[in-house]
There are 2 protein chains.
Amino acid sequence: MPIDPITPTPSAYGYPLLIKQLWHTPLATAPDQEIVYRDQLRLTYREVRQRVGRLAHVLRAHGVQPGDTVAVMDWDSHRYLESYFAIPMMGAVLMTANVRLSPDQIVYTLTHSGASVVLVNAEFLPLWQQIRSQLPGVRTALLLADEPTELPDGFAGEYEALLTRAAHLPDYEFPDFDENARATTFYTTGTTGLPKGVFFSHRQLVLHTLAVLGALASAPEQGRVSRNDVYMPITPMFHVHAWGMPFVTTVLGLKQVYPGRYVPDMLLALKQKEGVTFSHCVPTILHMLLTSPAAAETDLKGWKVIIGGSALTKGLAQAGLDRGMDLFTGYGMSETCPILTLSQIKPDLMGNDLEELDIRTRTGLPIPLVDLRIVDGQMEDVPHDGRSPGEVVVRAPWLTQGYYQNPQASEVLWSGGYLHTNDIGVIDRHGYLRVTDRIKDVIKTGGEWVSSLEVEGLLSRHPSVSEVAVIGVPDAKWGERPMALIVLKPGASEDVPGLTAIIDASAKEGHISRYAVPAHWRFVENIDKTSVGKLNKKVLREKYTPEV
Amino acid sequence: MPIDPITPTPSAYGYPLLIKQLWHTPLATAPDQEIVYRDQLRLTYREVRQRVGRLAHVLRAHGVQPGDTVAVMDWDSHRYLESYFAIPMMGAVLMTANVRLSPDQIVYTLTHSGASVVLVNAEFLPLWQQIRSQLPGVRTALLLADEPTELPDGFAGEYEALLTRAAHLPDYEFPDFDENARATTFYTTGTTGLPKGVFFSHRQLVLHTLAVLGALASAPEQGRVSRNDVYMPITPMFHVHAWGMPFVTTVLGLKQVYPGRYVPDMLLALKQKEGVTFSHCVPTILHMLLTSPAAAETDLKGWKVIIGGSALTKGLAQAGLDRGMDLFTGYGMSETCPILTLSQIKPDLMGNDLEELDIRTRTGLPIPLVDLRIVDGQMEDVPHDGRSPGEVVVRAPWLTQGYYQNPQASEVLWSGGYLHTNDIGVIDRHGYLRVTDRIKDVIKTGGEWVSSLEVEGLLSRHPSVSEVAVIGVPDAKWGERPMALIVLKPGASEDVPGLTAIIDASAKEGHISRYAVPAHWRFVENIDKTSVGKLNKKVLREKYTPEV
């Protein structure tokens with residue numbers, strides 16, 4: 001349908017959605033607000049913004065042109081925050097290198113991204129010296145160091161010294177350009193294949209910022225962020241823009257605290273000393289914090305922490321709630337910038353502790369502008385009854401528009417015009433999404449989708465079961481049928497009727513499909529796992545086949 | 001600088017910022033939330049969204065095509081809300097006709113906008129019948145009525161009956177189109193000349209919605225809106241999209257209450273019965289509510305009301321605060337969609353009642369993405385010291401890109417790439433803007449700008465002064481010099497030294513420029529006013545010239 005766009009008068013400012021525009025409000029309303037790095041440095045917003053200009057001058061002097069890619073290898077620091085702004089604002093692309101990958105993968109991702117300049121924290125020098133010769137595309141390396149450090153061979157300068165040298169220059173003139181220009185890129189690793197690059201434009205990051213801000217701030221009480229909060233990230237800034245929160249907290253003018261490399265004592269000391277009230281982390285970090293000896297000495301009350309990356313178990317959530325923390329789930333992935341949903345509790349569902357715990361550990365409610373559906377194999381919506389599973393597919397203004405230079409995987413990702421999360425979930429009558437499985441692990445049987453995770457959860461309640469995995473195995477009539485692999489507790493016996501009864505009972509109560517009852521049972525000595533300790537269902541599916 | 005935009009994979013959804021996208025969240029998270037019309041009707045969000053589809057079917061059946069303009073003449077109603085969505089969502093343009101204009105002006109604005117279909121509230125039938133023959137461009141008129149009404153001649157149908165007839169149809173397929181398509185248009189009237197049309201695109205309205213949401217929700221306490229609030233507009237929906245709030249409250253899924261024609265008793269009864277907690281109005285309406293007999297019987301505690309349109313005086317603000325209301329200022333104009341600033345109180349400035357009152361009655365802090373400057377005649381920034389006046393010029397993603405079919409006025413509005421508000425203001429060290437004058441009334445003397453309003457305020461403190469106006473009069477040496485026009489109280493004498501001393505003292509304390517001392521004094525019998533009782537400075541400037 002041809003509808004003409006408005007015609008602006010020639011002098012009108014079209015206002016592209018560029019990352020630099022996020023600075024207007026904090027500079028106007030909170031220029032003296034603090035940005036803190038560990039116990040080492042305190043800067044104001046005004047100073048950080050000046051340093052962003054200096055960093056751009058430095059990069060320009062080292063040959064960075066619009067469209068070039070500049071990679072950063074650092075822990076969470078004020079320097080990383082400055083890079084989040086300076087690099088995209090000058091029209092270059094920020095590549096956040098994942099320093100936890102293998103050296104080979106780091107070489108692959110830096111090379112694939114086309115990075116020509118790399119900022120390297122001194123802690124990574126051994127790694128850097130190991131891979132440097134494999135990076136012919138990298139023209140310049142700059143050193144990031146907390147303390148004065150002798151410049152190693154092959155480095156063109158040290159960050160702080162270079163910024164000081166640029167201090168006399170007027171502010172960098174950050175230009176206007178197309179809001180759809182690439183601002184950031186980074187890589188996601190699956191269980192198979194090479195890492196894949198995702199990328200986000202200025203427009204996408206600005207819109208993600210506004211929508212996340214709107215969702216976080218508008219919560220009546222639980223899970224709400226205001227201009228009074230103090231922010232400290234505890235997910236690495238090389239992971240999906242630290243969930244976009246440095247942009248959100250900057251536009252709000254919040255006090256920000258950057259903890260460097262994650263050391264539980266340092267994190268808890270900063271939490272206490274700087275009055276941190278808002279963070280985000282993965283369950284593993286939360287567990288580490290709660291069990292750290294220093295945690296017992298620290299007042300955690302009222303600390304709002306979004307948990308993401310993997311599922312927040314009720315046990316871990318309860319441990320945090322018992323300490324007065326306000327824990328809730330955020331859901332998204334590298335491909336989605338990342339935030340799609342937050343498990344904030346609706347006002348009318350507050351007050352019942354059990355229900356609250358249940359909601360906090362769900363996947364959540366979609367944030368503004370997110371069009372989130374659960375669909376069957378024909379892309380038809382499944383009912384929102386809390387039990388019908390479908391694949392989670394989404395549209396939002398901030399989803400990667402493909403994988404970098406990988407057209408085939410890009411088309412699979414966007415098949416049918418929706419981004420496929422490859423997650424299976426259910427939506428309840430209150431609108432909360434609960435992700436129940438990865439699509440590759442779901443069992444498609446008799447036209448229904450059975451969540452392997454849910455069947456595993458049920459079977460694990462049987463007193464004889466030590467470990468359990470459920471996989472789908474091919475079946476001529478049903479497509480697939482569930483197979484249960486069970487490690488028994490020492491001395492326990494193979495109680496198939498008892499195990500079946502558990503699933504039957506759940507199916508009768510309407511919680512699970514009646515097709516969920518395993519058609520095959522295997523009692524095994526051990527179950528194959530991945531290097532990070534997850535069930536390796538790919539191997540299991542290859543290894544176990546039903547008796548014919 | 002040529003920076004290439006990202007290249008999306010062919011199947012990727014580009015996600016245009018269209019008004020229809022505001023519906024995703026409320027339908028997913030609050031479908032049963034209520035939208036109430038007076039004491040007459042209660043609908044759910046789900047029902048309103050269905051009715052939006054039906055309205056689009058009805059308009060389509062009456063020949064409305066993408067790009068057509070559909071005008072609405074109604075009080076604040078659920079029907080108006082449905083029109084806010086249905087008309088733009090089908091690709092047509094919503095024209096919100098100002099029913100308070102003169103019949104001639106209404107004819108002019110409807111004609112100039114190109115409206116081909118008009119929705120008319122039965123209350124305006126006498127007016128409509130008076131102007132109908134002068135509107136040859138209007139093809140179809142539809143009736144809006146609260147109660148079953150016989151269809152008058154010349155009307156193609158009645159809203160509710162037409163919607164009922166469309167109830168069997170599947171949802172209207174609202175198409176995707178260019179986010180820069182025009183969504184709304186309406187007219188602004190100055191003291192001189194014909195009304196001028198402003199217009200806003202889908203993109204602009206979505207971005208205004210997100211930024212206003214972010215600013216309102218992120219306030220720590222005072223002036224904060226959450227998903228727990230209940231909304232009732234008390235500025236007409238034909239005035240600048242009711243300040244954009246129906247879009248904001250819809251995306252949040254708030255309960256909404258539409259009061260129809262403003263009757264104090266009805267407004268207060270709805271406030272009480274429906275639990276309204278968030279509104280916005282002009283000072284006149286606030287005054288009317290506070291002095292209404294019903295107000296004494298109504299609990300106003302905690303009612304958040306944004307005041308705009310004209311300055312909120314401290315006296316009126318205090319009267320509201322004394323009743324427990326949370327009053328604060330919003331600033332903007334027809335050309336700006338409208339919101340630019342909100343006078344929410346920063347956390348660190350809370351606690352001092354006098355300072356709070358001062359801040360609540362200021363113009364406010366810019367909301368996210370607003371680039372607001374105060375500049376001199378050369379577009380150079382003036383200091384933010386609370387006393388240096390400059391013209392308020394702005395950039396934001398939601399400013400009208402011109403006046404409709406008026407290229408000359410459009411270029412004046414956007415001269416130098418910033419939208420000129422024609423307001424003069426000062427910014428204090430906390431970042432709060434205070435608008436002190438209209439630019440046409442400011443006195444430009446000796447390279448400085450003197451606010452006529454501020455001089456008037458000072459002179460009015462003299463015990464002999466009954467009324468005062470200050471205007472700029474031409475001066476060969478200084479450009480302009482201030483002239484004071486004073487009506488004395490009965491029996492008072494012409495104390496020029498005493499009057500001069502007041503200004504001198506203020507200048508010595510640094511509150512006002514030393515050029516503010518009037519060079520000319522006229523003691524007069526009366527001062528010319530406009531039809532709405534404001535000082536008519538245009539006439540005064542023509543009438544009074546200095547002695548040569």
Side-chain angles (χ1 to χ4, degrees), chain A residues 1 3-13 15 17 21 24-25 28-29 66-67 91 175 177-178 180-182 199 201 210-211 213-214 217-220 224-228 251-252 346-347 365-372 395-397 401-402 407 410-411 413-418 431, chain B residues 1 3-13 15 17 21 24-25 28-29 66-67 91 175 177-178 180-182 199 201 210-211 213-214 217-220 224-228 251-252 346-347 365-372 395-397 401-402 407 410-411 413-418 431:
Chain A
M1 182 175 50
I3 301 182
D4 294 337
I6 51 174
T7 311
T9 195
S11 293
Y13 183 65
Y15 206 104
L17 297 176
Q21 315 269 23
H24 295 303
T25 327
T29 66
F177 45 79
D178 189 331
N180 294 307
R182 207 152 52 99
F199 50 95
S201 68
L210 290 176
L213 161 55
S218 60
R224 128 165 172 82
V225 170
S226 86
R227 298 200 284 272
N228 234 0
V251 79
L252 276 177
K346 291 188 196 183
L365 298 170
I367 69 170
L369 301 187
V370 170
D371 175 12
L372 185 148
R395 289 174 165 178
Q401 296 286 289
S410 298
E411 279 298 296
L413 179 69
W414 274 103
S415 166
Y418 278 80
Chain B
M1 185 175 50
I3 300 182
D4 293 337
I6 51 175
T7 311
T9 195
S11 293
Y13 183 65
Y15 205 105
L17 297 176
Q21 315 270 24
H24 295 303
T25 327
T29 66
F177 45 81
D178 189 331
N180 294 306
R182 207 151 52 99
F199 50 96
S201 67
L210 291 177
L213 162 55
S218 60
R224 131 165 170 78
V225 170
S226 85
R227 299 199 284 272
N228 234 1
V251 79
L252 276 176
K346 290 188 196 183
L365 298 169
I367 69 170
L369 302 187
V370 171
D371 175 12
L372 186 147
R395 287 174 166 179
Q401 296 286 289
S410 298
E411 279 299 295
L413 179 70
W414 274 102
S415 167
Y418 277 81

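We name chains A, B, ... by the order of the sequence lines, and we start the count at 1 in each one.
Taking CG of B/N180 as the reference point, atom OG1 of A/T7 lies at 10.5 Å (rounded to 0.5 Å). With rounding to the nearest 0.5 Å, the separation of OG1 in A/T25 from CG in B/D371 is 9.5 Å. Atom CD of residue B/Q401 and atom OG1 of residue A/T9 lie 9.0 Å apart, to the nearest 0.5 angstrom. In this structure, B/R182 CZ and A/I3 CD1 are separated by 11.0 Å, a value rounded to the nearest 0.5 Å.
Residue B/L413: no heavy atom, backbone or side chain, is found under 4.5 Å from chain A. Of the two parts of B/Y13, the backbone and the side chain both hold a non-hydrogen atom closer than 4.5 Å to a non-hydrogen atom of chain A. Using a 4.5 Å cut-off between heavy atoms, B/P407 contacts chain A through its backbone alone, with no side-chain atom that close. Contact of A/L369 with chain B is made through backbone and side chain together, with heavy-atom distances under 4.5 Å. Using a 4.5 Å cut-off between heavy atoms, A/V251 touches chain B through its side chain atoms alone.
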| query | Given B/R227 and A/R224, is the side chain to side chain contact (heavy atoms under 4.5 Å, CB included) satisfied, shown in steps? | reply | CA-CA 11 Å; B/R227 299 199 284 272; A/R224 128 165 172 82; over 6 Å; no
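Across every non-hydrogen atom of B/I6 and A/S201, the tightest pair is CD1-CB, 4.1 Å.
Ranked by heavy-atom pairs under 4.5 Å with chain A, the first of B/A396, B/G67, B/G214 is B/A396. The candidate from A/P347, A/S410, A/A181, A/P397 with the greatest count of non-hydrogen atom pairs under 4.5 Å with chain B is A/P397. Put simply, of A/G416, A/S415, A/A28, A/G402, the one with the most heavy-atom pairs under 4.5 Å next to chain B is A/A28. Ranked by non-hydrogen atom pairs under 4.5 Å with chain B, the options A/P368, A/A12, A/S226, A/G431 are led by A/A12. When each of B/L372, B/L365, B/N228 is scored by its heavy-atom pairs under 4.5 Å with chain A, the top score falls to B/N228.
B/P10 is listed as a side-chain neighbour of A/E411, based on a closest heavy-atom distance under 4.5 Å. With a 4.5 Å cut-off on side-chain heavy atoms, A/S218 and B/L213 count as touching.
Under a cutoff of 6.0 Å and an axis angle of 45°, A/R395 and B/Y15 do not form a cation-pi pair.
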